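These notes are about the structure you will find just below.
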Number of protein chains: 2
Amino acid sequence: MFPASSSVKQEVSSTTRMEKLVSLAKRRGFIFQSSEIYGGINGFWDYGPVGVELRNNIKKFWWDEMVRLREDVVGVDTSIICHPKTWEASGHIDCFSDPMVDCKVCKGRFRADQLQDIPCPKKPSLSVQSCAVEKKGPGELTEVRQFNLMFETYVGAVRDDSARAFLRPETCQSIFTQFKNIQIVSRQKIPFGIAQIGKSFRNEITPRNFIFRSREFEQMEMEFFVRPEPAEGEKWYEYWVEKRFQWFLDLGVKSNRLRKRVHAKDELAHYAKGCTDVEYEFPFGFSELEGIANRGTWDLSQHMKFSGKDLSYFDDETKDKYVPAVVETSLGVDRTLLTVLADAYGEDQVDEEPRTVLRFAPHIAPYKAAIFPLSRKLSEPALKLEKELRRRFTVDFDDVGSIGKRYRRHDEIGTPFCITYDFESENDHQVTIRNRDTTSQERVAISQVENYLADKLSAGLAK
Amino acid sequence: MFPASSSVKQEVSSTTRMEKLVSLAKRRGFIFQSSEIYGGINGFWDYGPVGVELRNNIKKFWWDEMVRLREDVVGVDTSIICHPKTWEASGHIDCFSDPMVDCKVCKGRFRADQLQDIPCPKKPSLSVQSCAVEKKGPGELTEVRQFNLMFETYVGAVRDDSARAFLRPETCQSIFTQFKNIQIVSRQKIPFGIAQIGKSFRNEITPRNFIFRSREFEQMEMEFFVRPEPAEGEKWYEYWVEKRFQWFLDLGVKSNRLRKRVHAKDELAHYAKGCTDVEYEFPFGFSELEGIANRGTWDLSQHMKFSGKDLSYFDDETKDKYVPAVVETSLGVDRTLLTVLADAYGEDQVDEEPRTVLRFAPHIAPYKAAIFPLSRKLSEPALKLEKELRRRFTVDFDDVGSIGKRYRRHDEIGTPFCITYDFESENDHQVTIRNRDTTSQERVAISQVENYLADKLSAGLAK
């Protein structure tokens with residue numbers, strides 16, 4: 001009745017691939033534009049029912065691997081708004097900015113390094129640059145000024161400089177300012193790490209590439225504190241570059257679209273000893289997913305200088321006191337989610353019809369299984385099975401449309417297994433389980449479905 | 001060697017109880033003041049290593065009960081900054097404010113309804129009210145003005161009214177604005193719910209009571225959409241009041257400190273049909289934990305009016321079209337965490353010495369077990385056991401100080417089981433497992449520890 005079909009891979013051009021991803025993400029409830037009914041707000045996104053499950057699975061996998069399964073890393077969850085002095089010490093108030101120009105004629109404000117790409121609001125056929133610099137239009141540009149990318153707000157009832165605060169542009173700085181508190185309560189000894197998952201905000205002038213560069217995003221950062229001798233920093237930096245690269249493979253991302261890019265000396269901040277990006281080949285080209293950086297003692301030293309507080313560490317065994325150096329690993333939840341969406345995306349043919357499928361690794365798939373009654377007359381026993389499975393797995397129940405259409409829907413959500421309860425099930429106490437990737441089908445005893453799923457899901461883990 | 005001791009309950013006065021809680025929360029790494037090294041920032045808090053585990057356990061328990069285990073509720077995760085028109089429709093721009101006055105002499109700004117409690121900055125021995133109203137000091141107050149509690153910021157490069165945006169003061173409004181998208185992709189039929197966990201911000205003039213009223217906090221909200229007939233709203237409102245009250249009991253909160261408070265007619269918003277708070281008796285008195293509200297069709301109607309978009313629902317079975325009514329359940333992660341901290345807090349005597357203990361329900365305890373080698377010479381086999389347990393449970397390893405001191409530390413963290421690997425363990429392949437609540441001890445075969453913990457932890461669930 002549901003014959004297994006052979007899969008034929010088909011090329012998807014990279015130019016339309018991104019549009020298809022965005023369309024699928026909305027159609028199936030992964031990602032919506034924020035505030036769509038009000039015309040949207042540029043650079044902000046909402047995650048729908050399956051998007052939030054995928055996000056949660058990615059965050060849990062990171063937390064498990066980086067915190068729960070390690071003796072030498074502890075977690076923290078700090079506030080998005082913190083004392084503004086934090087951003088003086090970190091350098092964000094002075095240096096976290098883009099160059100901007102204003103046009104005195106059209107009153108527009110533009111990024112000085114992108115003038116050739118931006119249409120003049122009063123002469124859309126011309127770029128701002130050609131209007132202003134080549135005198136072809138109304139433009140007359142001011143000198144370049146620096147525009148800080150931190151969102152500002154005021155805390156408390158009075159709006160003056162003393163009340164000015166910022167939405168954090170990265171989660172790591174509070175790890176540094178709380179280093180001493182956390183080290184004391186956790187009784188960790190160097191080397192050890194502090195990890196955090198949380199929202200950050202950057203007032204990007206030109207948000208772009210879907211959720212890749214947005215104004216509100218979530219980060220997963222870990223600061224690993226080590227002795228200040230250069231060899232220690234180097235050793236742990238190399239360790240974390242390998243470890244973090246492997247994490248993406250374990251997430252199910254295909255290795256031929258992942259690469260490491262070592263920063264050249266002239267790309268590094270003056271204090272940095274080394275930095276490697278993990279990059280993924282998106283439809284719009286290779287782009288940074290995660291940065292692993294050997295940052296030396298810069299971070300804690302800056303906060304010591306600006307706070308006047310001692311953040312040094314006393315080593316019980318060697319009896320010496322020092323400011324620890326830091327190896328940082330930093331990636332975005334949203335970029336990781338875009339990566340697994342793009343990487344899982346496939347088009348093939350099933351029963352001579354084109355099919356779109358998300359081939360997520362089972363451990364991050366939003367639903368592990370979907371349960372279908374062949375007819376609404378069979379809803380009751382199918383729901384009974386669904387209720388049993390739901391205690392252990394995240395599952396969906398679907399009784400609308402033909403079985404073929406339900407398969408297609410769950411292929412597009414990336415559900416590894418679809419389970420159909422049919423009229424024969426009443427007699428043989430078996431159901432048909434269909435595999436997302438091979439489209440092959442098996443009859444399995446109802447009493448064995450839970451074990452079947454548990455086995456298949458854990459075997460599908462990339463380790 | 002570790003004799004079991006009898007517990008004697010001791011009264012803790014409510015005045016000092018709060019101070020003790022705050023002190024313990026910092027000492028053991030649950031909660032720190034944000035940006036402590038810079039002198040702190042009022043109304044913002046950071047969660048330390050055990051605090052973040054407790055938060056995550058609370059959030060997971062809510063998500064499991066409200067989303068994962070239910071066929072009729074789906075999740076969502078929307079942005080903190082959304083289109084500002086959202087807050088016109090919701091009424092927050094016009095009505096979400098506190099009354100404020102300025103003093104023309106001292107330049108201070110104060111809540112008009114708290115003047116008698118606030119010291120005059122220039123005459124701290126007098127209240128602002130007595131300075132200004134009773135003419136005893138320098139004060140001269142302006143007329144009362146409304147101060148909006150939403151944090152403001154600007155999105156994009158230009159700072160004018162068109163770029164003004166807000167940090168959301170509640171998570172629910174994006175559930176309403178995305179109602180149609182979510183209903184379509186999830187194919188849910190009314191009645192069904194949409195749930196969300198996420199940060200919200202309120203620029204409170206006087207943050208107070210530790211993490212109870214802070215400026216940045218996290219909410220767990222669910223909007224349940226029902227037919228607009230009053231009987232439907234009433235039925236589901238009653239259902240959710242009972243369901244949500246039971247959730248706190250299942251969380252392990254003691255019923256004699258929980259109560260329901262039904263709002264009087266004159267407390268209700270003009271559109272609201274009914275509202276019940278779940279309150280907990282904190283050291284500072286009974287205070288609201290959660291609100292369950294029968295809101296009628298107000299929310300969706302407002303967003304239809306302000307967006308011009310149709311958010312009504314077509315009922316396939318009855319073939320009628322209507323604007324759904326809403327029953328809302330809304331609580332704070334931070335308040336829930338403060339509740340379980342306060343509720344778990346106890347003082348008793350063990351071995352004739354005073355002990356402080358957090359008697360968390362096992363399923364929300366930050367660590368499920370702690371593993372101690374009696375001597376550092378035994379670290380290797382103890383770590384081997386710890387590594388095995390860590391694959392399944394969140395555990396801690398502690399080899400510093402006497403076993404008695406390690407018990408006390410984990411009593412204050414609320415760890416249900418402490419496992420000591422001693423010299424005898426080498427021969428009899430057993431370890432001593434000590435129960436946090438009874439302080440009784442058992443010898444258990446090392447090969448059986450994992451099963452022992454799994455059994456005891458699940459039996460400890462409040463269901």
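Here is how names work: the chains are called A, B, and so on, in the same order as the sequence lines, proteins then strands, and each is numbered from 1. These numbers come from a predicted model, not from an experiment.
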Review point. Given the options A/Val158, A/Val76, A/Ile413, which has more heavy-atom pairs under 4.5 Å with chain B than any of the others?
Key: A/Val76
Practice item. Could you check B/His303, B/Glu88, B/Lys85 and say which one makes a side-chain hydrogen bond (donor to acceptor under 3.5 Å, both in side chains) with A/Tyr38? Key: B/His303
Practice item. Among A/Ser307, A/Cys82, A/Ser174, find the residue that satisfies the side chain to side chain contact (heavy atoms under 4.5 Å, CB included) test when tested with B/Ser35. Key: A/Cys82
Study note, to complete from the structure: Applying a strict 4.5 Å limit to non-hydrogen atoms, the region of A/Arg70 in contact with chain B is backbone
Review point. Taking the side chain as C-beta and beyond, is there a heavy-atom pair between A/Phe151 and B/Val155 under 4.5 Å?
Key: yes
**Study point:** Atom pair CG/NZ of B/Asn56 and A/Lys59 - distance to nearest 0.5 Å
**Key:** 9.0 Å
Point to revise | Check: B/Ile80 and A/Glu216 side chains under 4.5 Å, non-hydrogen atoms | key: yes
Review point. Do you know the tightest heavy-atom contact between A/Gln178 and B/Phe32?
Key: NE2-CB, 3.6 Å
Check your understanding: Checking heavy atoms, do the side chain of B/Gln188, its backbone, both or neither come under 4.5 Å from chain A?
Key -> neither
Point to revise | Separation between OG of A/Ser79 and CD of B/Gln33, rounded to the nearest 0.5 Å | key: 10.5 Å
Revision key, fill the gap. One option among B/Leu149, B/Ile205, B/Thr86, B/Asn42 has the most heavy-atom pairs under 4.5 Å with chain A, and it is B/Thr86
Practice item. Measure distances from B/Lys189 to the heavy atoms of chain A and classify the residue's part below 4.5 Å as side chain, backbone, both or neither. Key: side chain
Study note, to complete from the structure: Interface check, chain B: of A/Gly48, A/Gly29, A/Pro49, A/Pro84, most non-hydrogen pairs under 4.5 Å belong to A/Pro49
Check your understanding: Which bit of A/Val50 comes within less than 4.5 Å of chain B, counting heavy atoms only: side chain, backbone, both or neither?
Key -> neither
Review point. Using non-hydrogen atoms and a limit below 4.5 Å, what part of residues 394-401 of chain B faces chain A?
Key: B/Thr394, B/Asp398, B/Val400
Point to revise | Residue A/Lys60 excluded, over 12 heavy atoms near NZ under 6.0 Å | key: no
Exercise for review: Between chain A and each of B/Gly75, B/Gly40, B/Ala157, B/Pro207, count heavy-atom pairs under 4.5 Å; write down the option with the most.
Suggested key: B/Ala157
Study note, to complete from the structure: Cut-off 4.5 Å, heavy atoms of chain A, and the answer for B/Gln173 is neither
Point to revise | Whether over 12 other heavy atoms sit under 6.0 Å from A/Lys384 NZ | key: no
Exercise for review: Please examine the side chains of A/Val185 and B/Lys26, heavy atoms only from C-beta on, and report whether any two atoms are closer than 4.5 Å.
Suggested key: no
Check your understanding: Does some side-chain heavy atom of A/Ile81 sit less than 4.5 Å from a side-chain heavy atom of B/Arg215?
Key -> no
Point to revise | Top contributor to chain A contacts, counting heavy-atom pairs under 4.5 Å, from B/Gly156, B/Ser186, B/Ser34 | key: B/Gly156
**Study point:** Within-4.5 Å side-chain heavy-atom neighbours: A/Arg390 and B/Glu71
**Key:** yes
**Study point:** Gap between atom CG of A/Asp46 and atom CD1 of B/Ile175 - 0.5 Å precision
**Key:** 10.5 Å
**Study point:** Among B/Asp98, B/Leu383, B/Thr153, residue most engaged with chain A (heavy-atom pairs, under 4.5 Å)
**Key:** B/Thr153
Point to revise | Check: B/Leu311 and A/Ile37 side chains under 4.5 Å, non-hydrogen atoms | key: yes
Revision key, fill the gap. With chain A, the option among B/Arg28, B/Arg187, B/Arg27 that has the most non-hydrogen atom pairs under 4.5 Å is B/Arg187
Check your understanding: Relative to chain A, which of B/Asn181, B/Val52, B/Ile41, B/Thr78 shows the most heavy atom pairs under 4.5 Å?
Key -> B/Asn181
Check your understanding: Who wins among A/Met100, A/Met304, A/Arg111, A/Arg391 for the most heavy-atom pairs under 4.5 Å with chain B?
Key -> A/Arg391
Check your understanding: Of the backbone (N, CA, C, O) and the side chain (C-beta and beyond), which part of A/Leu167 lies under 4.5 Å from a heavy atom of chain B, both, or neither?
Key -> side chain
Point to revise | Winner by heavy-atom pair count (cut-off under 4.5 Å) against chain B, out of A/Asp77, A/Asp102, A/Thr177 | key: A/Asp77
Point to revise | Any side-chain heavy-atom pair of A/Glu152 and B/Arg159 under 4.5 Å | key: yes
Revision key, fill the gap. Nearest heavy-atom approach of A/Glu53 to B/Trp63 is OE2-NE1, 3.4 Å
**Study point:** Inter-chain contacts: residues 195-203 of chain A against chain B, heavy atoms under 4.5 Å
**Key:** A/Lys199, A/Phe201, A/Asn203
